Structure formats: structure tokens, C-alpha cells
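Below: one structure, written as C-alpha cells.
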Amino acid sequence: MTAPLSSPPTHSPLTWEDWLPLHAQTPFTLSGIAETLDGGQMFRWNRLDECSWQGVWGRHLARVRLCGDGSLEAAFPKGRDSDSLPALRQLLGLDLPYTDWYARLRESDDSAMLSAMSVAEGLHIVNLPLGEALLSFLCSPMKRIPQIKQVLDNIARSFGEELYEGIHALPSWAALANVDEEALRGCRLGYRAKSIAGTARMLAQRPDFLETVAALPYAEARKPLTELPGVGGKIADCALLYSGTCGLAPFPVDTWISRAMAKLYGLEGMNPEQTASYGRERFGEIAGLAQQFIFVSVRKIG
DNA sequence: CTCCAGGTCAGGT
DNA sequence: ACCTGACATGGA
């Protein structure tokens, strides 16, 4: 179907260590952890059963499950890198002050927000590597979440390193610079293949580009990202928010958020850029978390 | 068959 | 500054 694998499999068979407690500071609900792992922030986590998921990010593989008391546990492959546990804590933001952030959202006396929060109690915003978040959302325009997941799986299987049997990392941008547009189209990317090929070429000429952007505050990070082909304000905001490089300041506005904000806050007639500015000003440093609650709420309830 | 999906861009007012 | 259509693909 797609281009052949470039790297030979050098993995051992996949077996799992015992479950470990994650000691999150705040309790999760089922929908809270579901929307964190597999609700459109990341696209490489899949549900194993009612309360457990498996996913790949960077070169890490893990399983996460929710226990009856709202606590989380994680499992890792035998023979894993020893930094997978801290990497997972980082991914899920388990050491960030979510208790304070939830309190601030609740104190805002915003009935629409309180209602949205009740839909996914415990929801966190993820912290992917910036390049991986960028690649993920370059696949997203005019696609549904299951399709984005399928395309990214195609990309990983075609061009990414095989970490364990049948389980591939996403390719680095440096690796994608050696993939031509036609091969990307084979992953069912459609017209988005051009954006990814073009972005890979630009990043190959500026190896420090993403690292530099990741060190910038929100107001300065957005513009350079939108100079990459296929990256407008929305994808730039998603890449920044779901990589955590500038905290929770970004407020990505897609069709769902645009409709929801118009209805909830009377913003009829605003274009997406104006809605994004409104969201950032209304919710301040935790705008991105507020955005995610609205996104979850409008998709689950309407 | 038709419609639309976690948008962006070029080309027109 | 705003408005419009094109852009691939697949599922409802």
C-alpha cells in the first residue's frame, strides 16, 4: 500500500512490566482521561478496553489505565528506556499545578465553563514534542479524528523507526525531508502531503528552527510557525498548546470551537482569529485548558 | 449520489 | 480587511 520500511526490525518481542501507580495530584474520571489520551489532542493512543489505553509518543510506548478510585496506573514494555516513566509524567502534565488551574476556572463564575468542565473532570493538556505535535496537526485539516489517526499510523509504519514488533515511532522531520511528496500521498494524506513535504524541506534548512520556537513565549512563537507551508493560526496554536512550549496560552479555534464560542459567549460574526483573541483574553494563562473543555463539551453534548 | 470533516492559501472585492 | 473556491479522501 505504502512505501517499504527503510529500517530493519531490531526489536525483541513485546512483553509488559507490572502496573505502576502514577500518583497524579488530582483525580481523573473516565471521560477525563479518555479526552486527555484519545480525544483529539494526540492521535497515537488507542483504547484497549473500558478503562485502559496504549500509545506511542516520541520513542516511548506505554499503557495507562484508570482505577476505580480515580487514580492512574501505567505499564511499560520490558527492556524499555529508564526515562519512560518521567516522560509519561511530562506528557500528561502530572507535575503541573492543575489543582490551581481548575480552581481558577471554577472561580471565573462562568456557567458555560462550569458545565463544560463537568463533562471531562480531570482533563489535562498533553505535552508532546513540538515537532510531533506539528506533524500531527499538519495532517488534520478537513479530516475527522479517526482519519487523522489512520494517516499518522500510515506515516509511522512507512517512515518511522520500529520500536517493537509492529509498533512504530513517527519519523523525525529530518527523516521526512528525505521522503518525496508522492510517497507521502501514499499514506492517504491527499493535498496535505504538499504541506508536510514543504515543511520538512524548510526545517531541514533550519535544524534549530523548532528548538528556537519552543523557547519563545506565545506572542513570539506563533508567527514563525505560520511561515511554514500549510501552517495557519489554528495549526500553529495546536502545535504550541499540545507541546506545552509556552504553557496554556494558545486558544486554537476550529469549526467546533468557533460555533461553540459564538453560541456560549454571543460572538456571532467573529472570524476565527477574533475568536482566538477573545478566548486568550477571557481565559488568560489557562486559555488552552478552557478551550479543551469547550471542545470536549460541544462534541459530546452539542 | 451528496455532503462534510480539529484549515490553509491564492485570488478576487 | 473580508469573501470565495480549491484542495484529497472517506464515511454517513
Side-chain angles (χ1 to χ4, degrees), chain A residues 1-2 34-45 116 119-120 123-126 128 130 132-155 158 180-202 222-244 248 250-264 267-280 287-302:
Chain A
M1 178 184 78
T2 54
E35 295 297 334
T36 302
L37 296 173
D38 192 17
Q41 302 190 54
M42 307 186 284
F43 304 97
R44 304 213 63 218
W45 285 75
V119 175
L123 172 74
H124 282 210
I125 301 298
V126 302
L128 286 167
L130 177 59
E132 191 163 320
L134 177 62
L135 175 59
S136 300
F137 282 92
L138 271 172
C139 300
S140 73
M142 303 297 291
K143 275 195 177 300
R144 318 246 180 150
I145 289 172
Q147 271 189 70
I148 300 168
K149 292 177 71 167
Q150 182 60 62
V151 164
L152 281 164
D153 192 57
N154 293 342
I155 292 173
S158 300
D180 65 38
E181 186 179 325
E182 274 313 303
L184 286 169
R185 283 187 182 256
C187 296
R188 317 316 293 158
L189 272 162
Y191 64 85
R192 304 157 197 83
K194 188 173 186 177
S195 309
I196 291 173
T199 291
R201 278 197 302 275
M202 285 190 61
R222 198 183 200 238
K223 188 191 289 182
L225 279 179
T226 60
E227 283 159 11
L228 297 168
V231 180
K234 191 271 180 182
I235 290 178
D237 281 345
C238 286
L240 291 170
L241 178 60
Y242 303 123
S243 62
L248 299 174
F251 191 90
V253 174
D254 66 355
T255 53
W256 292 97
I257 294 293
S258 192
R259 284 194 294 266
M261 292 293 287
K263 189 178 83 168
L264 296 175
L267 309 185
E268 281 83 4
M270 275 197 189
N271 65 35
E273 281 299 322
Q274 293 168 325
T275 302
S277 292
Y278 178 92
R280 292 196 299 268
L289 180 60
Q291 179 271 159
Q292 201 65 32
F293 275 121
I294 295 167
F295 182 77
V296 170
S297 171
V298 67
R299 284 167 53 83
K300 286 181 91 93
I301 298 174

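Every value quoted in this text rests on a predicted model; they were computed, and no experiment measured them. Just the heavy atoms: all of them, side chains too, but no hydrogens, waters or symmetry mates, feed the values below. Below, chain A is the first sequence line, B the second, and so on; all start at residue 1.
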Measure [atom1]/[X] against [atom2]/[N] and give the value in whole Å, please.
{"X": "A:Asp153", "N": "C:dG10", "atom1": "CG", "atom2": "P", "answer": "15 Å"}
{"X": "A:Asn271", "N": "C:dT4", "atom1": "CG", "atom2": "P", "answer": "13 Å"}
{"X": "A:Met142", "N": "C:dA8", "atom1": "CE", "atom2": "C1'", "answer": "10 Å"}
{"X": "A:Arg259", "N": "B:dG7", "atom1": "CZ", "atom2": "C1'", "answer": "13 Å"}
{"X": "A:Ile196", "N": "C:dA8", "atom1": "CD1", "atom2": "P", "answer": "13 Å"}
{"X": "A:Arg222", "N": "B:dT8", "atom1": "CZ", "atom2": "C1'", "answer": "13 Å"}
{"X": "A:Asp237", "N": "B:dG6", "atom1": "CG", "atom2": "C1'", "answer": "12 Å"}
{"X": "A:Ile257", "N": "B:dG7", "atom1": "CD1", "atom2": "P", "answer": "11 Å"}

Which part of the nucleic acid, if any, lies within reach of [X] when heavy atoms closer than 4.0 Å are counted: base, sugar-phosphate only, or nothing?
{"X": "A:Pro146", "answer": "nothing"}
{"X": "A:Ile235", "answer": "sugar-phosphate"}
{"X": "A:Arg192", "answer": "base"}
{"X": "A:Gly232", "answer": "sugar-phosphate"}
{"X": "A:Val231", "answer": "sugar-phosphate"}

Problem set entry | Toward the 5' end of DNA chain C, by each residue's nearest nucleotide, A:Arg144 or A:Pro141 | A:Pro141

Under 3.5 Å, side chain of [X] to main-chain N/O of [Y], donor-acceptor pair present?
{"X": "A:Lys149", "Y": "A:Trp45", "result": "yes"}
{"X": "A:Gln274", "Y": "A:Asn271", "result": "yes"}
{"X": "A:Thr36", "Y": "A:His124", "result": "yes"}
{"X": "A:Ser140", "Y": "A:Ser136", "result": "no"}

If you only use heavy atoms from C-beta on, which nucleotide in [options] is closest to the side chain of [X]?
{"X": "A:Arg188", "options": "C:dC2, C:dG10, B:dG6", "value": "C:dG10"}
{"X": "A:Gln292", "options": "B:dT8, C:dT9, B:dG6", "value": "B:dG6"}
{"X": "A:Tyr191", "options": "B:dG7, B:dG6, C:dT9", "value": "B:dG7"}

For this session: Could you say whether the aromatic ring of A:Trp256 and the base of B:dG6 stack, counting only centre distances under 5.5 Å and plane angles under 30°?
Result: no

Problem set entry | Ring geometry between A:Phe137 and A:Phe43 (parallel below 30°, tilted from 30 to 60°, perpendicular above 60°) | perpendicular

For this session: Please assess A:Glu227 against A:Lys223 for the test salt bridge (Lys or Arg N to Asp or Glu O under 4.0 Å), listing each intermediate value before the final yes or no.
Result: CA-CA 7 Å; A:Glu227 283 159 11; A:Lys223 188 191 289 182; over 6 Å; no

Problem set entry | Span that lies between the P atom of B:dG11 and that of C:dA8, in whole angstrom | 15 Å

Exercise. Can you tell me how far P in C:dA6 sits from the matching atom in B:dC4, rounded to whole Å?
Worked result: 15 Å

For this session: Taking only the side-chain nitrogens and oxygens of A:Ser195, find out if one of them lies under 4.0 Å from OP1 or OP2 of B:dT8.
Result: no

Exercise. So A:Lys300 and A:Glu35, salt bridge (Lys or Arg N to Asp or Glu O under 4.0 Å) or not? Walk me through it.
Worked result: CA-CA 11 Å; A:Lys300 286 181 91 93; A:Glu35 295 297 334; 3.7 Å; yes

Exercise. Which dot-bracket string fits DNA chain B when only Watson-Crick or G-U wobble pairs with both atom distances under 3.5 Å count, crossing pairs get [ ], and | stands for a partner on a different strand?
Worked result: .||||.|||||||

Exercise. Within the modelled atom types, does a donor on one side and an acceptor on the other bring the side chain of A:Gln291 and the base of B:dG6 under 3.5 Å apart?
Worked result: yes

For this session: Please round to the nearest 0.5 Å and tell me the distance separating atom CZ of A:Phe251 and atom CZ of A:Arg280.
Result: 9.5 Å

